[in-house]
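One-based numbering, in listed order, for ligands and for the atoms of each.
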Amino acid sequence: MTTVDDIKAMFPEIDLDAIREKYAFERDRRERGDVSKLYHRATGEWERYGADPYIPVVEREPVRDHVEVLVVGGGVAGLSVGSRLRESGIESLRIVEEGGDFGGTWYWNRYPGLRVDIESHVYIPRLEEIGGFPTERYSRGYEVREFLHRLARHFDLYRDALLHTRTTKLEWQDGQWTVRTDRGDVFTATYVIVASGGLATPKLPNIPGIEDFKGSLFHSSRWDYAVTGGGEREPLTGLEGKKVGVIGTGATGVQIVPEVAKYAERVTVFQRTPSTVSFRGNRPTDETHVGSLEPGWQRRRMDNFLAMVSGADPGEDLVQDSWTENWKLLRRHNTGTYVSELTGELRELYEEYLDARVMNAIRARVDEIVEDPKTAELLKPWYRFACKRPTFTDLYLPAFNEPNVELVDTADCGGPSLVTENSVLVDGKEYEIDVLVVATGFTAGLTAVLAGALPVIGREGRSILEVWAQGPRTLHGYMTHEFPNFFQLGPVQSPNAVNFSHILQLHGEHVTKMIVAAKEAGAAYIEPTREMEDAWAAELLEVTAPEADVIVEFKAACTPGFYNGEGKYRARPSEYRPGPVVFQEMLADWRANRIGEVLHTAGEPLGEPTSAVV
Ligand code: NDP
């Protein structure tokens with residue numbers, strides 16, 4: 001039988017006690033205090049930082065009509081479900097999108113250096129149907145956006161769409177949804193699908209004085225090319241002779257810094273916590289390989305990647321990049337199933353050693369690349385793998401060898417302490433800045449509905465947030481009692497995975513199948529009972545129970561960030577822990593055998609309000 005000593009003996013190079021101590025030290029020095037004061041959402045008085053810098057808003061007449069299906073949001077989720085609905089024969093379909101064009105995150109994010117950091121061939125939806133092939137393994141942002149637009153054209157999704165339009169209210173009235181928007185539209189819809197994304201609202205750091213800054217300041221997802229010059233494909237000539245500050249070193253910051261460093265006189269990177277930066281190995285697409293692909297290749301590749309990074313063992317690794325490599329080394333994923341033969345504390349210990357091995361390699365890479373030892377030390381991430389969003393780039397670390405790039409550590413003071421008219425202060429030291437880029441992320445996990453930006457009033461006259469006062473109530477994460485013909489696509493009470501594009505596509509397929517089934521059955525409404533919601537909550541608890549404490553412990557031990565509620569994460573996980581592969585199998589079985597339970601004919605009573613049991 002394997003013992004603790006056997007496991008220790010497998011990792012002679014690792015001093016786990018020292019690593020644990022260092023991780024705790026690095027976490028504690030970043031304790032955040034009142035997390036509600038860390039950021040300003042780009043709404044209300046900060047709304048201008050969320051405005052569209054790319055396409056001017058054009059006046060139009062308000063719409064008054066009826067559509068069969070409304071999709072709120074025209075990003076990866078909305079376009080995926082839209083394409084499936086169109087394919088299934090739904091002609092009356094409207095996507096309402098806040099941006100001036102489709103693309104969602106790929107519309108808003110246009111910062112220099114932007115690339116998809118999941119392999120394009122498994123990330124970009126429906127490549128086989130829409131034709132064309134990404135030119136590189138990890139496409140530039142504009143290429144992803146162009147593919148999404150191609151998807152929209154291919155499935156005729158621009159027809160009836162409302163762009164530069166925010167859905168402001170959904171209300172169930174007289175057996176259908178009344179929809180209101182910020183452009184004065186009032187129309188009705190039989191079905192509503194909210195696909196508004198969980199990382200949509202930019203947030204700015206709440207640094208004293210930031211509103212007094214007189215230079216140029218913008219959020220990474222609203223890149224101001226008027227200031228920096230150039231464009232997504234052109235050099236940033238406007239930065240010549242400029243001192244640029246970058247706040248934020250997450251997946252976005254690590255892509256921006258090397259690009260800006262090519263042009264600016266000086267780049268000062270204000271770092272609070274370093275990211276893990278793994279090998280990228282981007283390369284052009286091999287045309288001969290493309291020609292040899294068998295039909296169905298994309299779904300096979302996507303399924304394989306999903307299985308790889310969800311802890312399943314698909315037998316072979318088709319993508320073979322740093323994502324799958326790291327997960328192979330870890331043999332687990334923080335939202336998937338375990339495949340280790342060990343159980344309980346022995347398994348935890350073994351995984352901790354594996355994790356330390358992966359993280360040691362990531363830290364060693366910093367030493368190999370960054371020449372100045374002091375800077376290298378500051379760039380080393382001291383936490384367990386996937387405590388933060390892993391990043392992959394071969395450009396970020398070498399940028400710190402450039403004479404015009406400077407790293408300023410702000411770990412002990414929680415970020416810069418003050419912004420003046422023309423500078424940023426850290427620990428009393430002043431850094432003169434002309435252009436301040438804030439790559440400080442988005443309000444995480446908050447769809448428009450959850451953020452309260454999109455009130456949804458159900459058939460009992462109550463808002464969904466009232467009904468969810470004690471936590472989300474859904475069947476499978478999509479449907480909620482009291483809200484007929486209403487679906488939400490997102491991470492609530494369903495599985496998560498690094499290729500969220502794939503997850504969203506699966507959501508879209510499932511919801512489309514439900515709507516088609518309802519139409520075929522002649523059902524007027526799709527709605528689960530509250531008992532089904534209770535059963536789903538109980539199932540989530542049950543499938544999560546074996547590892548719930550481990551997950552809570554894992555997240556609590558991480559340095560703070562948006563993955564762990566800025567270090568305050570104590571809740572038991574609410575996602576479907578067995579992972580997306582098991583979830584899909586379960587849903588297919590449910591559709592085959594039980595879908596009829598949520599289909600109702602017109603006039604059939606739909607059940608008591610949820611409050612009766614809360
Ligand atoms: P993140 O929330 O991941 O990172 C924000 C960064 O800002 C962190 O480094 C954070 O530090 C830092 N920060 C926040 N406030 C301050 C402050 N006051 N002072 C100094 N630093 C501060 O946002 P990103 O935009 O980087 O990434 C968001 C998500 O977008 C990713 O998780 C990923 O899902 C996605 N993404 C995907 C890409 C792709 O190619 N597919 C590319 C880029 C992003 P700290 O860690 O200490 O909180």
Using a strict 4.0 Å cut-off to heavy atoms of [X], name the atoms of ligand 1 that fall inside it.
| X | result |
| --- | --- |
| Arg32 | 45 (P), 47 (O), 48 (O) |
| Phe442 | 25 (O) |
| Pro205 | 18 (N) |
| Pro416 | 19 (N), 20 (C) |
| Gly415 | 19 (N), 20 (C) |

Relative to atom 44 (C) of ligand 1, which among Ile210, Thr252, Val426 owns the nearest non-hydrogen atom?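 Among Ile210, Thr252, Val426, the closest heavy atom to atom 44 (C) of ligand 1 comes from Thr252.
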
I want to know if ligand 1 touches [X] in the polar sense, i.e. an N/O pair below 3.5 angstrom.
| X | answer |
| --- | --- |
| Tyr563 | no |
| Arg272 | yes |
| Trp106 | no |
| Thr273 | yes |
| Arg115 | yes |
| Gly561 | no |

Are any side-chain N or O atoms of [X] and backbone N or O atoms of [Y], one a donor and one an acceptor, separated by less than 3.5 Å?
| X | Y | value |
| --- | --- | --- |
| Arg137 | Pro134 | no |
| Asn326 | Ser322 | yes |
| Asp317 | Val319 | yes |
| Gln298 | Ile124 | yes |
| Asn401 | Ile369 | yes |
| Gln271 | Leu407 | no |
| Arg126 | Leu151 | no |

How close do Asn564 and Thr559 get, counting heavy atoms only, and between which atoms?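 Looking at all heavy atoms of both residues, the closest pair is ND2-O, 3.4 Å.
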
A side-chain contact here means heavy atoms from C-beta on lying under 4.5 Å apart; do [X] and [Y] qualify?
| X | Y | answer |
| --- | --- | --- |
| Lys388 | Thr276 | no |
| Asp212 | Thr420 | no |
| Tyr563 | Cys387 | no |

Around [atom], find the nearest protein heavy atom and jot down its residue, atom name and distance.
| atom | value |
| --- | --- |
| atom 6 (C) of ligand 1 | Ala439 O, 3.5 Å |
| atom 31 (C) of ligand 1 | Arg389 CG, 4.0 Å |
| atom 42 (C) of ligand 1 | Tyr111 OH, 3.5 Å |
| atom 9 (O) of ligand 1 | Thr249 N, 3.0 Å |
| atom 39 (C) of ligand 1 | Asp117 OD1, 3.3 Å |
| atom 4 (O) of ligand 1 | Gly250 CA, 3.8 Å |
| atom 29 (C) of ligand 1 | Leu199 CD1, 3.8 Å |
| atom 2 (O) of ligand 1 | Phe562 CD2, 3.2 Å |

Partner set under side-chain hydrogen bond (donor to acceptor under 3.5 Å, both in side chains) for Glu146, not counting sequence neighbours: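 In terms of side-chain hydrogen bond (donor to acceptor under 3.5 Å, both in side chains), with neighbours along the sequence ignored, Glu146 is linked to Arg233.
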
Identify whether the distance between the nearest side-chain nitrogen and carboxylate oxygen of Glu128 and Arg299 falls below 4.0 Å.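 Between Arg299 and Glu128 there is no salt bridge, as every charged N stays at least 4.0 Å from the carboxylate O atoms.
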
Distance-only donor-acceptor hits, side chain of residues 99-108, under 3.5 Å, sequence neighbours excluded:
{"from": "Asp101", "atom 1": "OD1", "to": "Tyr158", "atom 2": "OH", "distance (Å)": "2.8"}
{"from": "Thr105", "atom 1": "OG1", "to": "Asn109", "atom 2": "ND2", "distance (Å)": "3.0"}
{"from": "Trp106", "atom 1": "NE1", "to": "Tyr123", "atom 2": "OH", "distance (Å)": "2.8"}
{"from": "Tyr107", "atom 1": "OH", "to": "Asp52", "atom 2": "OD1", "distance (Å)": "3.2"}
{"from": "Tyr107", "atom 1": "OH", "to": "Asp52", "atom 2": "OD2", "distance (Å)": "2.4"}
{"from": "Tyr107", "atom 1": "OH", "to": "Gly100", "atom 2": "N", "distance (Å)": "3.1"}

What part of [X], side chain from CB on, backbone N/CA/C/O, both or neither, has a heavy atom under 4.0 Å from ligand 1?
| X | value |
| --- | --- |
| Gln255 | side chain |
| Tyr123 | neither |
| Phe392 | neither |
| His219 | neither |
| Lys388 | side chain |
| Ser220 | neither |
| Ile247 | side chain |

Ignoring hydrogens and geometry beyond distance, is a side-chain donor-acceptor pair present between Arg301 and Asn304 at under 3.5 Å?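 The answer is no; no qualifying pair exists.
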
Classify the side-chain pair Thr249/Arg272 by whether it contains a donor and acceptor separated by less than 3.5 Å.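 Short answer, no.
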
Which value, rounded to the nearest 0.5 Å, describes the distance between Leu379 atom CG and Ile362 atom CD1?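 Here the rounded value is 13.5 Å.
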
Please verify whether a non-hydrogen atom of [X] lies at under 4.0 Å from ligand 1.
| X | result |
| --- | --- |
| Tyr39 | yes |
| Tyr383 | no |
| Val116 | yes |

